[in-house]
Amino acid sequence: MPIFKPFRGIRPSEDYVDIFPTHPLDNFSQEEITKKAQQDSSYIQMIKPYVVSKSKDIDRNLRKIRTNFEELLDDKKLVQDSSSYYLYEQFLPNKSVFRGLLGLVSVDDFRNGRIKKHESTLTHKKEKLAYYLEKVNIQAEPVLLTYMANPKVELLMNHEEKNVPVLNYLDDNGVRHKVWRIDNRLKMLQFKEVLEKIDSFYIADGHHRIGSAALNAANMKKKNKKHTGTEHYNYVFSFIVSNQSIKIHDYNRILNDLNGLSETEFLSKIEENFLIHEKGDTPYYPSQKFHISMYLGGKFYSLHVKHDLRKKQSELNDLDHFLLEEFIFKDILGIEDPKTTDKITYIKGNSGLEGINQIKEKVDSGEFKVGFGIYPISFNDLLKVSDKNIKMPPKCTYIEPKLVTALVMYDMKQ
């Protein structure tokens, strides 16, 4: 069973809860980040020395972030709680609700496989994030972990949400975020006892964050001759949600060339492994696994994976993303490594026609030649590839809930 422990959360005080948090930085352009960094007492202003500063002295910039953070604590704009779990719930404008618990997991559980991953990570990105953690000692965005639902955990959360939340925040996307602090010893013990029954956590989002935290912990262990394994740097700020509170959407692909093939030649080669059905100009969203939507030359097609190919791949990797990558991108279009090619662009979907319509728009513009819409990966397939230690191709899962940054934070110095 993986560890999930309470911690001394840092959160904005009541007067600053509408100012301090932010969406993840990769949602913004550099121009938007620069503008947001001017807002007093915001998280982006706190990290301004790193994201906006013209100084090339990285260590000095990172030290300044830590100083800014401590000044916000001294000024009571940020408050630190005693050791607690946190119930966190999101209410979306479309009436979807996601809820789970904020706490800490151990890097040792990540290393020994009790926390399972499904994506490979980029070494340079992990190293950059690990260096940031070493100098700043703040984790501001939790890793999203999931697990098979446990009715006892759900019951405890049902009881807790009847209380008054310590944070109630409406973001600019119309999503309401509520956080309840759980610091009563008896309640924490009840949560601990039921969470200990969970065999594994699965990373839904945040492979680089948890990987960088593990790398930082390894680096700190080398420097600390008195290392015991209980130091604050050995833990990762996490949001755990059950499979009942997670949504996996489609993540689609558009490509800018056909590797020198005509549309007729391209279709002919696809027929070797896929049954092709023309759908005309009506947007087609794939109805199930092994059905792929394709838009080419002003027409939609459904590509059905042939049974012989399904059988052949069932013991290896039978994800539609892999089949598309292996038997179209690689075999027909000559793309050996999707992680390094500039021929593929990824489009997020919403488990409906939104992503499919974006594919049509992009291809019709003439900038791209062909687009593929892929049925979302199931929760069971996510668990299967994680349990088998299979690494999915890039950008296979667009997962909700999407978290805000700095609603609650973990100070690794405590």
Side-chain angles (χ1 to χ4, degrees), residues 4 6-25 27-28 36 39-47 69 72-104 138-146 153-188 190-191 204-206 237-242 244-247 399-411:
F4 186 73
F7 70 110
R8 299 187 64 199
I10 307 281
R11 53 188 172 87
S13 63
E14 186 175 348
D15 292 339
Y16 294 93
V17 69
D18 293 327
I19 299 171
F20 192 77
T22 182
H23 295 292
L25 295 187
N27 288 13
F28 305 119
K36 289 176 179 293
Q39 184 178 20
D40 288 341
S41 304
S42 68
Y43 173 77
I44 293 182
Q45 186 184 65
M46 186 187 90
I47 64 170
F69 169 74
L72 289 167
L73 275 171
D74 291 341
D75 293 341
K76 309 299 183 187
K77 293 178 179 179
L78 296 178
V79 296
Q80 183 169 33
D81 296 323
S82 59
S83 186
S84 310
Y85 289 120
Y86 298 85
L87 170 63
Y88 173 35
E89 196 157 356
Q90 289 186 3
F91 303 83
L92 278 61
N94 65 6
K95 308 303 181 184
S96 297
V97 178
F98 301 105
R99 73 172 183 180
L101 297 166
L102 294 168
L104 303 181
I138 301 167
Q139 295 182 34
E141 184 181 344
V143 173
L144 181 63
L145 304 176
T146 188
V153 178
E154 299 299 318
L155 183 61
L156 288 173
M157 290 193 292
N158 288 343
H159 287 311
E160 198 59 40
E161 67 182 11
K162 295 175 183 178
N163 298 322
V164 177
V166 293
L167 291 175
N168 190 338
Y169 165 63
L170 183 67
D171 71 24
D172 51 15
N173 290 334
V175 179
R176 183 161 296 281
H177 306 260
K178 291 185 178 181
V179 177
W180 290 262
R181 182 179 164 218
I182 306 164
D183 63 336
N184 176 279
R185 287 188 179 183
L186 178 58
K187 288 182 179 180
M188 287 197 291
Q190 289 174 325
F191 272 102
D205 191 25
F237 180 31
S238 301
F239 180 44
I240 61 168
V241 297
S242 79
Q244 296 176 350
S245 198
I246 194 171
K247 179 68 175 176
I399 295 178
E400 288 184 309
K402 289 298 177 188
L403 306 180
V404 294
T405 300
L407 191 61
V408 180
M409 298 181 289
Y410 170 46
D411 179 10

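As a basis for the values below, the full set of heavy atoms in this structure was taken, side chains included, without hydrogen atoms, waters or symmetry mates.
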Please tabulate, for side-chain N and O atoms in residues 164-175, each donor-acceptor pair with protein atoms closer than 3.5 Å (sequence neighbours left out).
residue: N168; atom: OD1; partner: R176; partner atom: NH1; Å: 2.6
residue: D171; atom: OD1; partner: N173; partner atom: N; Å: 2.8
residue: D171; atom: OD1; partner: G174; partner atom: N; Å: 3.1
residue: D171; atom: OD1; partner: V175; partner atom: N; Å: 3.0
residue: D171; atom: OD2; partner: H177; partner atom: NE2; Å: 2.8
residue: D172; atom: OD1; partner: H23; partner atom: NE2; Å: 2.9
residue: N173; atom: ND2; partner: H23; partner atom: NE2; Å: 3.4

Sequence-distant partners of D75, salt bridge (charged side-chain N to carboxylate O under 4.0 Å, His left out), two or more places apart: none
Residues in side-chain hydrogen bond (donor to acceptor under 3.5 Å, both in side chains) contact with S84, at least two apart in sequence or another chain: R181
Non-hydrogen atoms of V241 and G100 that approach each other most closely: CG1-CA, 4.0 Å
F69: partners by ring pair (Phe, Tyr, Trp, His ring centres under 6.0 Å), with sequence neighbours left out: none
Atom of F91, atom of K178 and distance for their closest heavy-atom approach: CE1-CD, 3.7 Å
Salt bridge (charged side-chain N to carboxylate O under 4.0 Å, His left out) partners of K187, counting only residues at least two apart: E160
Heavy-atom donor-acceptor pair, T146 side chain to A204 backbone, under 3.5 Å: no
Where at least one partner belongs to residues 9-19, residue pairs that pass salt bridge (Lys or Arg N to Asp or Glu O under 4.0 Å), sequence neighbours excluded: R11-D81
Heavy-atom closest pair, residues M188 and P6: SD-CB, 4.0 Å
Partner set under side-chain contact (heavy atoms from CB on, under 4.5 Å) for M157, not counting sequence neighbours: L87, R99, L101, V153, E154, F191
Flag side-chain contact, heavy atom, 4.5 Å: D411 against R8: no
K402 to Q90 - nearest heavy-atom pair and separation: O-NE2, 2.8 Å
Whether S242 side chain and Q244 backbone form a donor-acceptor pair below 3.5 Å: yes
Distance, nearest 0.5 Å, that separates CD1 of I47 from CD1 of I138: 9.5 Å
Sub-4.5 Å side-chain heavy-atom contact between Y88 and P142: no
Those residues that, when tested against Q190, pass side-chain hydrogen bond (donor to acceptor under 3.5 Å, both in side chains) (two or more places apart): none
Pairwise distance OH(Y85) to CG(D183) - rounded to 0.5 angstrom: 12.5 Å
E400: salt bridge (charged side-chain N to carboxylate O under 4.0 Å, His left out) partners, not counting sequence neighbours: none
Heavy-atom pair with the smallest gap, counting every atom of L78 and P12: CD2-CA, 3.8 Å
Validation row, ring centre F7 to ring centre Y86 under 6.0 Å: yes
With sequence neighbours excluded, residues passing side-chain contact (heavy atoms from CB on, under 4.5 Å) with N94: L92, S96
Residues forming a side-chain hydrogen bond (donor to acceptor under 3.5 Å, both in side chains) with K77, sequence neighbours excluded: S41
I44 side chain reached by L25 side chain, heavy atoms, under 4.5 Å: yes
From T405 atom OG1 to Y43 atom OH, the distance as rounded to the nearest 0.5 Å: 6.5 Å
Test side-chain hydrogen bond (donor to acceptor under 3.5 Å, both in side chains) applied to S42 - qualifying residues, sequence neighbours left out: none
F239 to P401 - nearest heavy-atom pair and separation: CE2-CG, 3.9 Å
Criterion side-chain contact (heavy atoms from CB on, under 4.5 Å) on T22 and F28, from CA distance to verdict: CA-CA 10 Å; T22 182; F28 305 119; 3.5 Å; yes
